[in-house]
Amino acid sequence: MGLRAVYPGSFDPVTYGHLDIIKRASLLFDEVIVAVAHNVDKSTLFSVEERVAMLKKAAARIKNVSVTDFDGLAVNYVKKNGIKIIIRGLRMISDFEYEFQMALTNRKLDHSIETIFMMPNECYSYVSSKLIKEAAMLGADLKEFVPLFVFKELLKKLK
Ligand code: ADP
């Protein structure tokens with residue numbers, strides 16, 4: 001079995017920033033599993049099934065990428081599947097504190113798991129799902145930030 005990595009997150013919804021990280025990771029690892037977290041605080045706009053379906057469609061052309069969902073701690077999902085690597089994206093310094101805390105907490109929970117941070121192309125470094133949702137509500141054209149079909153799903157959801 002080759003080198004496998006898990007890219008966990010909410011992906012509510014998937015953006016070109018996430019896809020940039022997925023593509024970069026797919027070049028480094030034999031298999032990348034994008035793992036969509038169930039609603040922890042029930043505040044996601046899209047259901048876990050919708051988020052998985054959108055990611056599957058958006059990443060369909062990348063051969064060594066699969067998409068699944070998980071409940072509970074990412075580190076438990078990773079461990080259960082015998083994987084050692086968690087991928088996270090780092091956009092700005094503002095991401096750093098949270099990501100740093102999470103990576104070190106995960107390391108405490110299982111010292112054999114490493115978190116690898118990847119930076120997106122700078123043109124996506126300010127793209128976030130949260131902002132996308134807010135901007136969609138205000139009628140922004142978001143085709144530069146999310147795939148067209150995701151933009152359409154956003155508009156449907158916010159109607
Ligand atoms: P979370 O897991 O915190 O709910 P997301 O699902 O939005 O967040 O993102 C999953 C991972 O992808 C996180 O590590 C986040 O920092 C990263 N990420 C989100 N948007 C981008 C982007 N535009 N460029 C690079 N990484 C990103």
Side-chain angles (χ1 to χ4, degrees), residues 4-29 31-59 62 65-79 81 83-107 109-110 113-137 140-151 153-154 157-158:
R4 295 189 296 160
V6 173
Y7 179 31
S10 311
F11 305 101
D12 185 42
V14 58
T15 69
Y16 281 137
H18 296 128
L19 288 169
D20 183 277
I21 298 294
I22 292 171
K23 277 181 205 145
R24 286 172 198 281
S26 75
L27 300 174
L28 287 181
F29 300 99
E31 194 186 340
V32 176
I33 300 155
V34 183
V36 181
H38 282 238
N39 311 356
V40 186
D41 49 10
K42 294 210 166 66
S43 66
T44 55
L45 179 64
F46 293 98
S47 69
V48 71
E49 291 81 12
E50 289 170 327
R51 287 178 278 143
V52 166
M54 284 188 281
L55 266 161
K56 278 191 175 159
K57 191 167 171 181
I62 318 172
V65 170
S66 59
V67 184
T68 188
D69 62 285
F70 73 99
D71 212 354
L73 286 172
V75 75
N76 287 347
Y77 172 80
V78 170
K79 205 155 80 174
N81 288 282
I83 300 168
K84 300 272 175 224
I85 299 162
I86 292 178
I87 295 164
R88 295 287 290 175
L90 264 191
R91 287 163 289 193
M92 305 272 180
I93 292 285
S94 53
D95 277 342
F96 182 77
E97 197 175 344
Y98 172 70
E99 293 292 342
F100 183 72
Q101 281 177 354
M102 196 154 65
L104 292 188
T105 306
N106 284 341
R107 182 180 285 168
L109 295 172
D110 187 328
I113 293 172
E114 283 298 337
T115 303
I116 293 187
F117 294 104
M118 302 189 76
M119 281 177 287
N121 185 307
E122 59 274 14
C123 67
Y124 302 127
S125 62
Y126 58 93
V127 178
S128 77
S129 298
K130 184 168 181 273
L131 207 79
I132 296 285
K133 284 178 279 188
E134 285 169 9
M137 252 183 274
D141 182 350
L142 298 166
K143 289 197 274 293
E144 275 186 47
F145 308 120
V146 295
L148 188 58
F149 79 89
V150 173
F151 183 41
E153 291 297 324
L154 268 166
K157 196 61 113 178
L158 297 171

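All values reported here derive from a predicted model rather than from experimental measurement. In each ligand, atom 1 is the first atom listed, and ligand 1 is the first ligand listed.
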Between [X] and ligand 1, which part of the residue brings a heavy atom under 4.0 Å of the ligand: side chain, backbone, both or neither?
X   : answer
E99 : side chain
Y16 : neither
R91 : side chain

**Report entry** Verdict with reasoning, K157 to E153, per salt bridge (Lys or Arg N to Asp or Glu O under 4.0 Å)
**Finding:** CA-CA 6 Å; K157 196 61 113 178; E153 291 297 324; over 6 Å; no
Consider every N or O of [X] and every N or O of ligand 1, then say whether any pair is closer than 3.5 Å.
X    : result
R88  : yes
F11  : yes
Y124 : yes

Which atoms of ligand 1 have any heavy atom of [X] under 4.0 Å away?
X    : value
I21  : 25 (C), 26 (N)
G17  : 22 (C), 23 (N), 24 (N)
V127 : 20 (N), 21 (C), 22 (C), 23 (N)
G9   : 2 (O), 6 (O), 10 (C)

Who's the nearest protein heavy-atom neighbour of [atom], and how far?
atom                    : answer
atom 24 (N) of ligand 1 : P120 CG, 3.2 Å
atom 26 (N) of ligand 1 : G89 CA, 3.5 Å
atom 9 (O) of ligand 1  : H18 NE2, 3.3 Å
atom 1 (P) of ligand 1  : S10 OG, 3.7 Å

**Report entry** Student check: side-chain heavy atoms of I87 and V6 closer than 4.5 Å
**Finding:** no
Query - Side chain to side chain, R4 and I33, heavy atoms closer than 4.5 Å - result: yes
**Report entry** Close approach of Y7 to ligand 1, heavy atoms, under 4.0 angstrom
**Finding:**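 For ligand 1, residue contact (heavy atoms, under 4.0 Å) with Y7 is present.
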Query raised in the report: Is the number of heavy atoms from other residues, nucleotides or ligands under 6.0 Å of F100 CZ greater than 12?
Result: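 Count not over threshold, so no.
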Report task. Find the distance between CD1 (I21) and CG (N121) and round it off to the nearest 0.5 Å. Result ->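 Interatomic distance, I21 CD1 to N121 CG, rounded to 0.5 Å: 10.0 Å.
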Query raised in the report: Judged by atom type as modelled, is there a donor-acceptor pair below 3.5 Å linking the side chain of R91 to the main-chain atoms of Y124?
Result: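 Side chain of R91 to backbone of Y124, a donor-acceptor pair under 3.5 Å: no, none is there.
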Query raised in the report: Is a donor on one side and an acceptor on the other found under 3.5 Å between the side chain of R51 and the backbone of L45?
Result: no
Query raised in the report: Relative to each other, are the rings of F145 and Y126 parallel, tilted or perpendicular (30° and 60° limits)?
Result: perpendicular
**Report entry** Smallest separation among heavy atoms of I62 and K23, with atom names
**Finding:** CD1-CG, 3.6 Å
Query raised in the report: Is K133 paired with D12 through a side-chain N to carboxylate O contact shorter than 4.0 Å?
Result: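 A salt bridge links D12 with K133.
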